Amino acid sequence: MANDRASDRVDDPASGRANGQWYPPEWPDRIRALAAGTLTPVTPKRAATVMLLKDTGDGPVVHMLRRRTSMAFAGGAYAYPGGGVDPRDDDREIGWAGPTRAWWADRLGVDEAGAQAIVCAAVRETFEEAGVLLAGPTGDSVVGDTTGADWEADRAALVARELSFAEFLDRRGLVLRSDLLGAWARWITPEFESRRYDTWFFVAALPEGQRTRNASTEADRTVWITPADAAAGYDKGELLMMPPTVATLRGLAECGTAAEALASAPGRDMTPVLARARLDGGEIVLSWPGHDEFTKHVPGTPSHTAPATPSAPTPGAPA
């Protein structure tokens, strides 16, 4: 592990932070309201996140950030760089290398415009939050060091939405390297959550000559850690994470190199994972299809009434 020590024990069941798994304490009330028909689900916002890997003597390590505890969505949880799709990510065609938009549309289960937007969001958010850019002057090259003042000015303009990603690539004469990404999984925030994301998880290798940094205002630390160590930290209750993060870490832990992870991506199941909730007497049973380890039994009675119309989703880390 490098950059920082990822050790933050969490053991407060009342806050939904027991055993390393994050879930909001208001979920039980919201689930009951949804079952009663008094809560209208928010439409999930499309998002993308990237599991950035680099090889070490101990195997590949993945770049993770810890969301600030003050964040309304998953505060204190470890996650990957990522965020919501910018409406301008598909406003026009951009310089593109690698599989076609049609290929990506089929892989991601969306139309071609949506595929471009999701892939652009993955690359853009990785640059915005980690300072790593999966683009180059040609379809077989990648930019080098991106830590200079001019790069930082462009990155800040992207974050402020003063500059679209298409404009950024055009200005610098770059093409997006979609071939450097591998689609890994798709998770959708539960219907009873007030901030919902339909998130595509990608895997990528850190380009030679580039290095990560904590460029996100939403994170207070970053780490390079082996997927196995990160998953073990969750199992011990030392690292707070959401189910999608843990599930993807367990898959990455099976890969011996970054190249192996990328090579395995096309065979990964992209069926969306959506949590389910059911009432069993006075108990709420939460489950994620295909991921039994995350099943939770939440006892008790409602402490307050959830709003009939949940608050609108806000920008932030994907589900």
Side-chain angles (χ1 to χ4, degrees), residues 1-28 49-71 73-82 130 184-185 187 189-190 193 199 201 203 212 214 216 218-258 261 273 275 283-300 316-319:
M1 186 189 313
N3 292 4
D4 207 337
R5 178 175 177 79
S7 180
D8 303 278
R9 185 166 185 82
V10 287
D11 51 10
D12 180 9
S15 68
R17 298 182 178 186
N19 302 320
Q21 182 176 333
W22 175 90
Y23 73 95
E26 66 270 17
W27 269 13
T49 188
V50 176
M51 304 176 292
L52 198 62
L53 301 174
K54 68 176 179 181
D55 290 321
T56 71
D58 297 322
V61 289
V62 62
H63 179 71
M64 303 188 76
L65 53 83
R66 189 184 71 172
R67 293 176 57 75
R68 295 183 183 277
T69 55
S70 59
M71 297 298 296
F73 185 81
Y78 281 82
Y80 313 112
W184 192 269
W187 288 66
T189 312
E193 209 353 292
T199 305
F201 286 72
V203 65
T212 58
N214 183 8
S216 173
E218 298 179 355
D220 60 10
R221 69 171 58 177
T222 61
V223 297
W224 281 103
I225 185 171
T226 67
D229 284 347
Y234 165 86
D235 291 335
K236 296 174 184 176
E238 296 175 348
L239 301 183
L240 185 65
M241 297 179 196
M242 294 176 282
T245 309
V246 181
T248 50
L249 284 171
R250 298 207 194 285
L252 289 175
E254 299 172 357
C255 302
T257 64
V273 179
E283 184 178 67
I284 292 173
V285 181
L286 289 174
S287 62
W288 280 257
H291 301 273
D292 292 343
E293 71 165 298
F294 303 124
T295 298
K296 277 193 172 293
H297 297 262
V298 184

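We're numbering straight along the sequence, starting at 1. Source: prediction; values computed, not measured.
Residues V246 and H291 fail the side-chain proximity criterion, which asks for heavy atoms closer than 4.5 Å. Considering only heavy atoms from C-beta on, I225 stays 4.5 Å or farther from V61 through its side chain. Using a 4.5 Å cut-off on side-chain heavy atoms (C-beta onward), K54 and T212 make no contact. For the pair Y234/T245, no side-chain contact is recorded, criterion being any heavy-atom separation below 4.5 Å from C-beta on.
Paired with Y80 under the rule side-chain contact (heavy atoms from CB on, under 4.5 Å), one option of V50, V62, L52 passes, and it is V62.
Interatomic distance, CG of D229 versus CD of E238, reported as 10.5 Å (0.5 Å rounding). The structure places NE2 of H297 at 6.0 Å from CD of E283, a figure rounded to the nearest 0.5 Å. With rounding to the nearest 0.5 angstrom, the CD atom of E26 is 6.0 Å from the CD atom of E193. Note: E293 CD to D235 CG = 7.0 Å, rounded to the nearest 0.5 Å. A distance of 11.5 Å separates NE2 of H63 from CG of L53, quoted to the nearest 0.5 Å.
Residues P243 and F294 share a closest heavy-atom pair of O-CZ, 3.4 Å. Between A253 and P227, the closest heavy-atom pair is N-CB, 3.7 Å. Contact record, T295 with S287: OG1-CB, 3.9 Å, taken as the closest heavy-atom pair. Closest of all the heavy-atom pairs between V273 and P289 is CG1-O, 4.0 Å. The two residues D55 and P60 have their closest heavy-atom pair at OD1-CB, 3.8 Å. Considering every non-hydrogen atom in both A261 and W184, the closest pair reads O-CZ3, 3.4 Å.
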Practice problem: Test side chain to side chain contact (heavy atoms under 4.5 Å, CB included) on L249 and M64 and set out the steps. | Solution: CA-CA 11 Å; L249 284 171; M64 303 188 76; 4.2 Å; yes

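No side-chain N or O of T248 forms a donor-acceptor pair with one of W187 less than 3.5 Å apart.
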